[in-house]
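For reference, the structure is listed below as structure tokens.
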Amino acid sequence: MSYAPSDPVLASVRRPVEHANGLPNAQYADPDVFAAEARAVLHTTWAGLAVQEDVAEIGDAKPIEFLGIPLLLVRDKNDTVRVFQNICRHRGMILIDAPRKIEGAIRCPYHSWCYSTSGKLVSTPHVGGPGNNKHEAIVNDDLGLIEVRSHVWRNVVFINLDGKAAPFEEENAALIVRWHEHDKPLHHGGPDSRFTLDVACNWKLAVENYAESYHLPWVHPSLNSYSRLEDHYNIEEPGAFSGQGTLVYRQLTGSNGATFPDFEGLSSKWDEGAEYICLYPNVLLAAQREHAYAIILEPVAHNRTVEHVHIYYSTSDTDDELRVSNTAQWKGIFEEDIDVVEGMQKGRSAPGFDGGRFSPAMDGPTHCFHDWVAAHLQNHEEK
């Protein structure tokens with residue numbers, strides 16, 4: 001399914017929140033629409049791919065498939081994180097099939113063409129015949145790895161697949177300014193501070209659920225017991241991000257009374273305040289006084305999303321017991337959301353559902369996201 005800019009379905013999504021419908025069923029339940037939407041929305045923007053700790057040391061390489069595209073995350077010899085297509089320029093063979101350290105060059109297992117970690121083609125054995133490693137038709141400078149435009153912010157590696165988006169700092173200037181106090185080094189908590197959740201829902205439902213606090217009393221009763229619905233506020237930046245904030249953030253305290261060290265230089269707003277923002281299209285972020293996290297939503301299929309969760313601190317020296325407890329607490333909260341997002345996915349098979357209506361008071365952040373998706377679908381059809 002595709003939509004013309006004037007299509008009434010998208011027009012209904014883009015109405016003011018008081019009168020808008022949500023995105024139609026096909027955007028969640030149709031594999032062909034999923035593929036078309038990926039080209040219109042996920043290829044054309046700054047999508048989250050990984051975190052830089054996935055390639056923590058110089059020479060580390062990790063293959064990642066994103067929307068069916070084989071990619072390779074590499075930390076090059078200059079300590080720069082880069083993203084390439086994970087294919088040899090000779091015959092399109094996959095270069096690396098598992099995370100590993102590149103000691104010398106990236107070598108194709110098919111015909112042994114070799115590339116540096118900066119993507120340059122450096123060796124072409126027997127390309128000119130047995131014993132002859134050069135041929136005038138093969139110009140090494142023209143046949144380096146295909147690099148994917150990338151940018152690292154808050155330790156998340158973002159990619160722009162079509163290469164045409166505005167610079168990341170320009171596209172996301174509003175959030176960078178909003179969170180300028182949190183422009184601090186982030187220290188990944190390590191293996192006990194990362195986990196994945198495999199969820200049977202469309203990636204957009206995970207965004208929509210994270211954006212709003214409306215569901216807290218019923219889905220997260222324990223959290224709501226001290227961070228009540230009325231203690232939250234909506235965050236909406238049309239065309240960029242949306243989410244929620246709380247005025248009563250409470251630090252986790254260990255059995256020995258330990259807490260995590262605060263980020264330095266924060267204003268008093270963050271003493272009991274925290275914000276949880278969906279950076280469109282697929283990254284969910286948290287800003288808090290003493291730790292942060294990033295959730296990268298991997299859209300595997302129209303009805304399957306893998307959530308990659310990474311937790312960060314103000315220092316690499318944190319209390320082990322407290323760190324493990326913190327991860328368990330967040331995992332428990334995020335797992336509470338699984339039933340509702342999977343339930344909404346099942347609901348999208350109901351043929352009479354028109355995308356639903358929004359509470360103007362409570363669903364503004366979700367409507368903001370729907371409007372952003374619809375705008376990209378319209379813009380893609382115009383081109």
Does one hydrophobic cluster hold both [X] and [Y], with members joined at side-chain heavy-atom distances below 4.5 Å?
X	Y	result
Leu71	Val283	no
Val51	Leu73	no
Val341	Phe195	yes
Ile296	Val148	no

Does [X] have any side chain to side chain donor-acceptor pair (under 3.5 Å) partners at least two apart in sequence or in another chain, and if so, which?
X	answer
Ser316	none
Tyr115	none
Asp354	Asn21

Heavy-atom neighbours of [X] [atom1] exceed 12 at 6.0 Å:
X	atom1	answer
Tyr233	OH	yes
Lys164	NZ	no
Lys346	NZ	no

Looking only at non-hydrogen atoms, find the nearest pair between [X] and [Y] and report the distance.
X	Y	result
Ala350	Asn25	O-ND2, 2.7 Å
Val9	Ser12	O-OG, 2.7 Å
Asp262	Ser314	O-OG, 3.6 Å
Leu279	Phe241	CA-CB, 4.2 Å
Ile106	Ser116	CD1-O, 3.9 Å
Arg348	Ala29	O-CB, 3.9 Å

Test side-chain hydrogen bond (donor to acceptor under 3.5 Å, both in side chains) on His187 and Asp317; report intermediate values, then the result.
CA-CA 9 Å; His187 299 270; Asp317 183 20; over 6 Å; no

Quick check on side chain to side chain contact (heavy atoms under 4.5 Å, CB included): which of Leu49, Ile64, Thr45, Ile69 does Ile159 satisfy it with?
Leu49

Run through the side-chain heavy atoms of Ile, Leu, Val, Met, Phe, Trp and Tyr, join any pair under 4.5 Å, and report what else lands in [X]'s cluster.
X	value
Val17	Phe358
Ile94	Ile87
Val300	Val306
Leu229	Tyr214, Trp218, Met362

Main-chain N/O of [Y] paired with [X] side-chain donor or acceptor, under 3.5 Å:
X	Y	value
Tyr210	Leu285	yes
Gln288	His291	yes
Lys331	Thr196	no
Asp363	Ser359	yes
Ser242	Pro365	yes
Ser112	Pro125	no
Glu307	Leu297	no
Asp60	Arg75	no
Thr80	Asp76	no
His370	His367	no

Would you say [X] and [Y] make side-chain contact, with heavy atoms under 4.5 Å?
X	Y	value
Arg14	Gln378	yes
Val81	Val55	yes
Arg89	Ile146	yes

Taking the six-membered ring for Trp, are His151 and Phe168 parallel (under 30°), tilted (30 to 60°) or perpendicular (over 60°)?
parallel

Where do Tyr249 and Glu275 land on the side-chain hydrogen bond (donor to acceptor under 3.5 Å, both in side chains) test, with the steps shown first?
CA-CA 9 Å; Tyr249 175 69; Glu275 292 190 344; over 6 Å; no

For Phe260, which residues count as a ring pair (Phe, Tyr, Trp, His ring centres under 6.0 Å) partner, sequence neighbours excluded?
Tyr313

I'd like to check the ring pair (Phe, Tyr, Trp, His ring centres under 6.0 Å) partners of His188; sequence neighbours left out, ordered by chain and number.
His310, Tyr312

Using a strict 4.0 Å threshold on nitrogen-to-oxygen distance, state whether Lys184 and Glu264 make a salt bridge.
no

What I want to find out is whether Asp141 reaches Lys120 closely enough, with some N-O distance under 4.0 Å, to be called a salt bridge.
yes

Measuring from Ser222:OG to Leu216:CG, what's the distance to the nearest 0.5 Å?
11.5 Å

So how far is it from Phe369 CZ to Cys278 SG, rounded to the nearest 0.5 Å?
7.5 Å

[X] and [Y]: side-chain donor and acceptor closer than 3.5 Å?
X	Y	answer
Ser267	Glu181	yes
Tyr280	Glu237	no
Asn160	Asp162	yes

Under the ring pair (Phe, Tyr, Trp, His ring centres under 6.0 Å) rule, what pairs show up with a residue in residues 8-44, not counting sequence neighbours?
none

Walk me through it: do Val157 and Val83 pass the test side-chain contact (heavy atoms from CB on, under 4.5 Å)?
CA-CA 9 Å; Val157 181; Val83 181; 3.9 Å; yes

Yes or no on side-chain hydrogen bond (donor to acceptor under 3.5 Å, both in side chains) for Glu321 and Ser255, after CA distance, side-chain angles and deciding distance?
CA-CA 9 Å; Glu321 178 187 345; Ser255 58; 3.1 Å; yes

Once side chain to side chain donor-acceptor pair (under 3.5 Å) is applied, what residue pairs with a partner in residues 127-137 remain, sequence neighbours excluded?
none

Which donor-acceptor pairs under 3.5 Å do the side chains of residues 200-207 make with protein atoms, sequence neighbours left out?
| residue | atom | partner | partner atom | Å |
| --- | --- | --- | --- | --- |
| Asn202 | OD1 | Lys204 | N | 3.0 |
| Asn202 | OD1 | Lys204 | NZ | 2.8 |
| Asn202 | ND2 | Gln27 | O | 3.4 |
| Asn202 | ND2 | His302 | O | 3.0 |
| Trp203 | NE1 | Glu37 | OE1 | 3.3 |
| Lys204 | NZ | Gln27 | O | 2.6 |
| Lys204 | NZ | Glu37 | OE1 | 3.1 |
| Lys204 | NZ | Glu37 | OE2 | 3.1 |

Would you please indicate yes or no on a ring centroid separation below 6.0 angstrom for Tyr293 and Phe334?
yes

For the pair Thr246 and Ser227, evaluate side-chain hydrogen bond (donor to acceptor under 3.5 Å, both in side chains) and give the outcome as yes or no after the intermediate values.
CA-CA 7 Å; Thr246 180; Ser227 184; 3.2 Å; yes

